[in-house]
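Since this is a predicted model, take the numbers as computed values, not measurements.
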Amino acid sequence: MLPSRRERPARVPAALTLLLVAAAGGALAACGDSGGLRSAGATPAARSPARLWPDLTPASSPAYDIGEVDNEVVKGVAVPGGDIRDVDPVSVVRAEISAHPDDYEGDGAPYRETARRMADCGPDGVAGERGRCPVLRPYYRDLTGDGRPEMTLGFALLPQKLTAVRVYTVEKDRLVRVMSYDDAVSAVELAGRAVIVRSPSEVAGYEYRLQWTWDADQRAMLLTSDEMLRTDGGQHTGRPSASPSRSASPSRAASPSASAR
């Protein structure tokens, strides 16, 4: 029968107590300090955030247009029955080329080779099967939470060796682009209702990680995270700016970090 919590243990004679303490001390001395507690050093004092230049007049408008909201109806592309899976991805890219001829058409256009290679895309809308077609296979996932899939589409921007990443949804049987970004892309991921783009960094051992998340008020995917991370998984800092993109951000050297805004 287990003793009650109210019961006190029997007293141990003082002489026996001293003997037990001495024996325990000898055992610890024989074993050294292995397994014992060790000091981790001084703990740095906690400091509250320091606000700099409190008299500085707050800015009322952004200095750079980094394209926070991208919401544009794609003209000339039908959405049969409102199902985005029935949309021809090659036709979507052709519609963008037609809407931005300065970027794709002519010998001086930065992405002229993309427009030329569109002729290598199959007429049945299957992207990339001929090897030279710049359109990548689309992916479908519900990113807005309305129970219907959105289309995440990518295509090569040649000869610049960049990749265009786009997200489209359907509103009232119209195809609407809700995210657009161009960069030298290492990887693209869909995580929950977010689109994550990884890009190489100029700093050895680091990469950029940008995340777009659906915003119901803006009806668009917003750039909600802009980080510079170690390639071994450790976090470093927000990157100084996003990379060149017509509708996503200015050049890296021109603008502040989106994560610092």
Side-chain angles (χ1 to χ4, degrees), residues 64-77 87-122 125-140 143 150-169 175-190 195-202 207-212 220-223 226 239-255 258:
Y64 305 97
D65 178 14
I66 64 171
E68 287 95 341
V69 179
D70 189 328
N71 188 308
E72 180 179 336
V73 176
V74 179
K75 298 180 180 179
V77 178
V87 174
D88 177 9
V90 174
S91 297
V92 175
V93 177
R94 288 192 173 118
E96 177 164 331
I97 292 174
S98 298
H100 304 279
D102 292 343
D103 291 335
Y104 296 96
E105 299 177 3
D107 293 337
Y111 310 136
R112 57 191 178 277
E113 188 64 22
T114 296
R116 294 169 183 168
R117 290 197 183 186
M118 291 302 295
D120 297 318
C121 297
V126 178
E129 285 194 349
R130 299 189 178 185
R132 286 177 52 84
C133 177
V135 184
L136 304 176
R137 179 168 69 91
Y139 289 86
Y140 301 92
L143 298 174
E150 275 63 51
M151 177 172 66
T152 303
L153 182 62
F155 57 95
L157 297 173
L158 304 170
Q160 299 296 326
K161 296 183 179 180
L162 304 178
T163 301
V165 181
R166 307 285 187 265
V167 175
Y168 301 90
T169 190
L175 186 68
V176 180
R177 188 183 68 205
V178 294
M179 179 251 176
S180 175
Y181 186 68
D182 304 335
D183 204 347
V185 173
S186 301
V188 180
E189 306 167 8
L190 298 180
V195 178
I196 299 172
V197 178
R198 297 180 182 271
S199 300
S201 167
E202 299 90 343
E207 68 175 1
Y208 296 127
R209 180 187 182 276
L210 295 91
Q211 176 174 312
W212 281 261
M221 306 285 292
L222 300 186
L223 180 60
D226 186 351
R239 71 164 167 177
S241 64
S243 63
S245 174
R246 180 181 60 254
S247 57
S249 62
S251 66
R252 288 176 178 164
S255 73

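Counting only heavy atoms from C-beta outward, the side chains of Arg117 and Val135 never approach each other to under 4.5 Å. Using a 4.5 Å heavy-atom cutoff, the side chains of Leu162 and Tyr111 are in contact. The side-chain heavy atoms of Met221 and Asp70, taken from C-beta on, include no pair separated by under 4.5 Å. Side-chain contact between Val87 and Tyr168: absent, with no pair of heavy atoms (C-beta onward) separated by less than 4.5 Å. With contacts defined as side-chain heavy-atom distances shorter than 4.5 Å, the pair Trp212/Val167 does not qualify.
Using a cut-off of 4.0 Å between Lys/Arg side-chain N and Asp/Glu carboxylate O, Arg209 and Asp183 are scored as not salt-bridged.
Here the closest heavy-atom approach between residue Ala115 and residue Ile97 is recorded as CA-CD1, 4.0 Å. Looking at every heavy atom in both residues, Val90 comes nearest to Cys121 through CG1-CB, 3.9 Å. A pairwise comparison of heavy atoms in Pro138 and Pro89 identifies CG-CG, 4.1 Å as the closest pair. Taking every heavy atom of both residues into account, Thr114 and Leu158 meet most closely at OG1-N, 2.8 Å. Nearest heavy atom pair, residue Pro200 against residue Ser186, reads CD-OG, 3.1 Å.
To the nearest 0.5 Å, atoms OH (Tyr181) and CG (Leu210) are separated by 4.5 Å. Separation of atoms CG (Leu157) and OG1 (Thr163) is listed at 7.0 Å; rounding is to 0.5 Å.
Every residue meeting the side-chain hydrogen bond (donor to acceptor under 3.5 Å, both in side chains) condition with Glu207, not counting sequence neighbours, appears here in chain and number order: Arg198. Applying the salt bridge (charged side-chain N to carboxylate O under 4.0 Å, His left out) criterion to Glu105, with sequence neighbours excluded, gives no partner residue.
For the side-chain hydrogen bond (donor to acceptor under 3.5 Å, both in side chains) test with Tyr104, the passing option among Glu96, Arg94, Glu113, Arg112 is Glu96; the others fail.
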**OP:** Start with the C-alpha gap between Leu190 and Val195, add the side-chain angles, then the distance that decides, and say whether side chain to side chain contact (heavy atoms under 4.5 Å, CB included) holds.
**Re:** CA-CA 5 Å; Leu190 298 180; Val195 178; 3.7 Å; yes

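Note on residues 150-161: pairs passing side chain to side chain donor-acceptor pair (under 3.5 Å), not counting sequence neighbours, are Thr144-Glu150, Glu150-Thr169.
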